[in-house]
Amino acid sequence: MAVINTSHPEEFILLGFADRPWLELPLFIILLITYPIAMMGNIAIILVSKLDPHLHSPMYFFLTNLSFLDMCYTTSNVPQMLFNLGGSKTIGYLGCVVQLYFFHIMGGTECLLLALMSFDRYVAICRPLHYTLIMNQRICLLLVSIVWLTGITYAVSEATVTLQLPLCGINELDHLVCEIPVLIKTACGEKEANELALSVVCIFMLAVPLCLILASYASIGHAIFKMKSSEGRKKAFGTCSSHLLVVFLFYGPAISMYLQPPSSISRDQPKFMALFYGVVTPTLNPFIYTLRNKDVKGGLGRLVRYIFNSIRRFVDIK
C-alpha cells in the first residue's frame, strides 16, 4: 500500500505542541488514562454483544462493528501521540504512510457506518412489521461489507494521491499524527486539485451521510411522537438519542477539518480535532451506549456476574 516517492524524506518531524511545552505533560497523562479506558470499554461492548443472546440483533451487530472501528481508530493515532508528547517527535516515512492509510480507512468507514446505524433505527421504528425481513442477517452482512469496502476505497485513493505531492525537502508536519489535510498544506507546488478532490470526496463521505442521518431521524421523531405507549416512546428515544449524540460528537469535528480547504485550516485546529475525534469520541461511545441503554447495561451485568462466578469456581477448584 505504501507509495514510493523519490521526493519523500526518510522521516517526518511531528511538531505537535512543541511551541507550548506546558501542554504536553497534561495531555500525555490524559491520553495515558483515556486510551486503556477506550479499549476496555469497546472490548466490553463487543463481548457483551457477542456473548449475550438477548443482544443478537442487527442493532448490536452494527454496534459491535462501531466498537471495533473505534478500537482501531484510536490505536492508529494515540500511541504515536504518546510518543510525540513524551519527547520523540519523529516518525519514519513508512510509519507515517501506514498511519495515514489506517487513520482514514477507519474514519471513512465510521462515517458510513453511523449512517447505516441510523437506517437500522429508521426501519425498526418506522417499519417495524418489515424489520426482520429488511434487516435480515444476509442483508446486514452485505451492508457492512459495502461500508467497509467504500471506506477502504476512499482512504486508499485519497491517501495515495496525497502521497504523490512533492514536499521539496520539507519534513516537518505541524501536527501530532500524519493526516491528509496537513500533508496537503505542507506540500509545495500546485495542490489546488488535491484540495478540490478532497473537498468533493468528503462531501460524499461526510455531508451526504449526515443528511441521510438527519432525514432518518426526522422520520423517526415523527413516528415516536405518534406512539401511544409512553414506555415505547421512552425506549425508542433512549436508543436513538444515544446514536444521535455519537453522530454529533464524530461529525462535528470531522466536518470542521475536511469540508474546508486545507490551506485555510488554522495552525492548532488539526491537533485539537485529532484529539477529539480520534480519542474523545472512541472513549465516550461505550459509556454513551451503556448509560442510555437498558439492554446493554443488563448484558454487561450478566457478563460481569459470569466472569465473577467463573473466577470463583476456578479458585474453589484450586
Side-chain angles (χ1 to χ4, degrees), residues 30-31 34-35 37-39 41-42 45-46 59-78 81 99-100 102-122 143-144 147-148 150-152 154-155 158 176-177 179-181 198-199 201-218 220 239-260 265 269-293 296:
I30 291 170
L31 291 179
T34 55
Y35 179 56
I37 292 174
M39 296 299 288
N42 284 294
I45 293 291
I46 292 172
M59 183 176 79
Y60 297 104
F61 171 66
F62 297 138
L63 181 57
T64 299
N65 274 268
L66 179 64
S67 293
F68 176 72
L69 266 174
D70 282 340
M71 288 171 58
C72 297
Y73 200 23
T74 191
T75 300
S76 70
N77 60 73
V78 171
M81 289 181 183
Q99 184 181 67
L100 192 73
F102 272 93
F103 187 79
H104 290 89
I105 285 172
M106 300 307 157
T109 304
E110 187 157 338
C111 288
L112 301 176
L113 182 61
L114 290 172
L116 179 56
M117 293 174 74
S118 71
F119 174 72
D120 171 70
R121 292 299 84 207
Y122 165 79
L143 291 173
V144 166
V147 162
W148 274 94
T150 306
I152 292 170
Y154 148 73
E158 195 62 44
L176 290 162
V177 294
E179 199 172 358
I180 286 176
L198 181 63
S199 298
V201 170
C202 287
I203 286 174
F204 287 100
M205 296 296 295
L206 284 169
V208 173
L210 182 58
C211 289
L212 293 175
I213 290 171
L214 296 177
S216 296
Y217 276 102
I220 289 170
T239 303
C240 295
S241 61
S242 298
H243 182 246
L244 263 181
L245 183 56
V246 170
V247 165
F248 287 121
L249 284 173
F250 180 82
Y251 274 89
I255 286 173
S256 72
M257 267 294 294
Y258 286 89
L259 287 185
Q260 61 175 313
I265 295 174
Q269 183 180 347
K271 305 168 195 175
F272 288 109
M273 291 300 100
L275 285 169
F276 195 88
Y277 58 70
V279 180
V280 176
T281 303
T283 304
L284 291 180
N285 283 356
F287 295 98
I288 292 170
Y289 279 107
T290 301
L291 295 175
R292 300 187 64 85
N293 191 308
V296 176

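Residue indices begin at 1 and follow the sequence shown.
- Residues L244 and F248 form a side-chain contact, since some pair of their non-hydrogen atoms from C-beta on lies under 4.5 Å apart.
- Remark: A215 pairs with no residue by the side chain to side chain contact (heavy atoms under 4.5 Å, CB included) rule, at least two apart or across chains.
- By the side chain to side chain donor-acceptor pair (under 3.5 Å) test, T75 pairs with Y35, sequence neighbours left out.
- Residues T281 and L249 share a closest heavy-atom pair of OG1-O, 3.4 Å.
- How far CG of D70 is from CD1 of I45: 10.5 Å, rounded to the nearest 0.5 Å.
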Could you list the donor-acceptor pairs under 3.5 angstrom formed between side-chain atoms of residues 103-119 and any protein atom two or more places apart in sequence or on another chain?
| residue | atom | partner | partner atom | Å |
| --- | --- | --- | --- | --- |
| H104 | ND1 | L100 | O | 2.8 |
| H104 | NE2 | Y258 | OH | 2.9 |
| T109 | OG1 | I105 | O | 2.7 |
| S118 | OG | A115 | O | 2.6 |

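- Here I37 pairs with I33, T283, F287 under the side chain to side chain contact (heavy atoms under 4.5 Å, CB included) rule; sequence neighbours left out.
- Counting only distance, with no hydrogens or angles, the side chain of T64 and the backbone of Y60 share a donor-acceptor pair below 3.5 Å.
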Run the side-chain contact (heavy atoms from CB on, under 4.5 Å) check on V279 and I30 step by step: do they pass? CA-CA 10 Å; V279 180; I30 291 170; over 6 Å; no
One pair to check against side-chain contact (heavy atoms from CB on, under 4.5 Å): V280 and T34. What are the steps and the verdict? CA-CA 8 Å; V280 176; T34 55; over 6 Å; no
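- A donor-acceptor pair under 3.5 Å links the side-chain atoms of N42 to the main chain of P282, judged by distance alone.
- Residues that satisfy the ring-ring contact (aromatic ring centres under 6.0 Å, His included) test with F272, not counting sequence neighbours, are F17.
- Listed by chain and residue number, nothing satisfies the side chain to side chain donor-acceptor pair (under 3.5 Å) test with N77 (two or more places apart in sequence, or in another chain).
- By the side chain to side chain donor-acceptor pair (under 3.5 Å) test, Y251 is found to be paired with no residue, residues two or more places apart in sequence or in another chain being considered.
- A donor-acceptor pair under 3.5 Å links the side-chain atoms of S76 to the main chain of Y73, judged by distance alone.
- Around atom CZ of F68, no more than 12 heavy atoms belonging to other residues, nucleotides or ligands sit under 6.0 Å away.
- Between L275 and L31 there is a side-chain heavy-atom pair separated by less than 4.5 Å.
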Do W148 and V144 pass the side-chain contact (heavy atoms from CB on, under 4.5 Å) test, and can you show the C-alpha distance, the side-chain angles, and the key distance before you say yes or no? CA-CA 6 Å; W148 274 94; V144 166; 3.5 Å; yes
